Amino acid sequence: MSSFTELVEKSVQAGEPAEMAPTPAPLAAEHRWLGWLGALLLYLASFTVAFALSALFVALTGNSPRDVVTAMYDGSLADGSAIGQTIDEATPLLIVALGTIICTKAGIFNIGQEGQLIIGAMCGAFVALDVHGPSWIILILTLLAAAAGGAAWAGISAVLKYWRGVDVVISTLLLIFVAFQLVTWAVTTPGVLQENAVPGSVLSPESNQLPPGLQLARIGQYPDFNVGIGCFLALALAIVVHLAMTRTRWGFRIRLLGLNRDVARSTGVREWRTGGGSLALSGAFAGLAGGVLLTGSVFRIQAGFSNNVGFQGLLAALVAQGSALLAIPVSLFFGALRSGGGFLASTGVPRYLVDVVQALLVLAAIFPPVFLAVLRRRRERVRAAAQAAVS
């Protein structure tokens, strides 16, 4: 099955018949090694430029790049507590990235993860605060409700696309603003999710805090290494997504749909079912990330509590280039930037510089494959023109 799917994918990408003259093994191996070496050098050059520009921007603010690097290290990797915080920050990013990888493989670009995440967390908060029963059952129902809420929110875009032809990028982006308004209404309306009034205190636009029994357990204790068990759920999902995308017929249909919709339709793939399902599944992962964020760290709903987790999870998926396993170290990298960024206040560096540095590093990671793809297409056009001239 795997060899057949790889052959079909290569032929669809190249637009050529599946049966082609084989390349001599020694020559192919030599070209492969040269290609890997060139890609490695390109990545090194790209990241070198990104780090140099980051140091330059920090220096222009009148601060020391060395102090910034030290602060980032202290906040993300210096001790067990910092490492645990990095893992906690990376956990929801990885879950969002995994869902994004699924829908991008199907050729659908979902950029509404931020809205799907907060809607999922809101749905999870309804269950956690209003449903009674054994704590472990309610905790599971909270995470399931969060995933269902995210899937339903993304499902709106799926329906709009396959019913009315509305572009997914536009619909998912606009639904982010609707989601924020909906959550704001919920946490400011009595009887919905607004916190209970306490005599002598001012009500805040937030929900009640989740009771301790509905908070994800942690391994270890502060100030030593400690981490929420949500990271194990994220790792398990990464393995499941990797195997599903590479070893199952469902994953093959999704990849085929993303490579060539016409070929996918001719082989019996129903675009509305496969594409719409992948978009809804992407929203489910984003909603689940919101549930993990709610039960693992924030413990209450507030407007803007997601703190760009959805957007950064999308960036992690782009940098991982569709690989569920590669998304693990990429999410850890983004998690380190998030946890280390909190220490920058001690150096006097503006917090927004972390976002600038992160954007530069994302560009550094994305530039090499894009450059190589453009170069490859140019060579193919030159080769095709040469063959046409000879014939």
Side-chain angles (χ1 to χ4, degrees), residues 51 54 58 63-98 117 121 124 128 135-136 139 142-143 206 209-238 288-302 304-313 315-316 319 327-358 361:
F51 282 117
S54 301
V58 171
N63 295 275
S64 169
R66 181 176 180 180
D67 292 342
V68 171
V69 173
T70 301
M72 294 288 290
Y73 173 77
D74 290 339
S76 58
L77 298 171
D79 52 32
S81 178
I83 295 174
Q85 180 64 27
T86 295
I87 296 175
D88 285 339
E89 293 282 2
T91 296
L93 298 178
L94 176 58
I95 298 176
V96 172
L98 293 173
L117 184 148
S135 297
W136 67 273
L139 179 57
T142 297
L143 296 177
E206 61 185 14
Q209 183 171 326
L210 267 62
L214 298 182
Q215 299 175 9
L216 288 177
R218 300 190 66 82
I219 298 176
Q221 293 183 344
Y222 184 84
D224 298 323
F225 175 80
N226 64 101
V227 65
I229 62 173
C231 65
F232 299 104
L233 172 62
L235 289 174
L237 288 174
L288 178 61
V292 171
L293 198 62
L294 172 67
T295 58
S297 58
V298 299
F299 306 129
R300 66 171 77 229
I301 296 294
Q302 297 172 324
F305 83 99
S306 56
N307 194 22
N308 293 326
V309 168
F311 290 123
Q312 293 183 358
L315 291 178
V319 175
I328 298 175
V330 172
S331 298
L332 285 173
F333 172 74
F334 280 103
L337 288 179
R338 289 176 64 89
S339 59
F343 275 62
L344 284 184
S346 62
T347 66
V349 175
R351 180 65 175 81
Y352 64 80
L353 270 183
V354 177
D355 297 329
V356 174
V357 172
Q358 178 176 294
L361 294 176

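Residue indices begin at 1 and follow the sequence shown. Everything numeric in this text was worked out from a predicted model, so none of it was measured.
- Scanning all heavy atoms of the two residues, the minimum distance from Arg338 to Leu93 falls at CD-CD1, 3.8 Å.
- For Ser306 against Leu117, the heavy-atom pair with the smallest separation is CB-CD2, 3.5 Å.
- In this structure, OG in Ser339 is found 7.0 Å from CG in Leu77, a value given to the nearest 0.5 Å.
- The two residues Cys231 and Ile87 make their nearest non-hydrogen contact at CB-CG2, 3.7 Å.
- Minimum heavy-atom separation, Pro92 to Val309: CB-CG1, 3.8 Å.
- Side-chain N or O atoms of Glu89 include none that pairs as donor or acceptor with a backbone N or O of Phe334 at under 3.5 Å.
- Using a 4.5 Å heavy-atom threshold, the side chains of Ser81 and Asn226 count as touching.
- The line from CG of Leu294 to CD of Gln215 is 9.0 Å long, rounded to the nearest 0.5 Å.
- Going from atom CG of Leu216 over to atom CD1 of Ile229 covers 5.0 Å, rounded to the nearest 0.5 Å.
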Going through the distances and angles, do Leu288 and Leu237 end up as a side-chain contact (heavy atoms from CB on, under 4.5 Å)?
-> CA-CA 11 Å; Leu288 178 61; Leu237 288 174; 3.7 Å; yes
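- Under the 3.5 Å distance criterion, the side-chain polar atoms of Ser331 are left unmatched by any main-chain donor or acceptor of Ala90.
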Tell me, with the steps shown, if Ile328 and Leu94 meet side-chain contact (heavy atoms from CB on, under 4.5 Å).
-> CA-CA 6 Å; Ile328 298 175; Leu94 176 58; 4.1 Å; yes
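- Pairing each heavy atom of Ala121 with each of Phe305, the nearest pair is CB-CZ, 3.3 Å.
- Across all their heavy atoms, Ser135 and Gly213 have their closest contact at CB-O, 3.5 Å.
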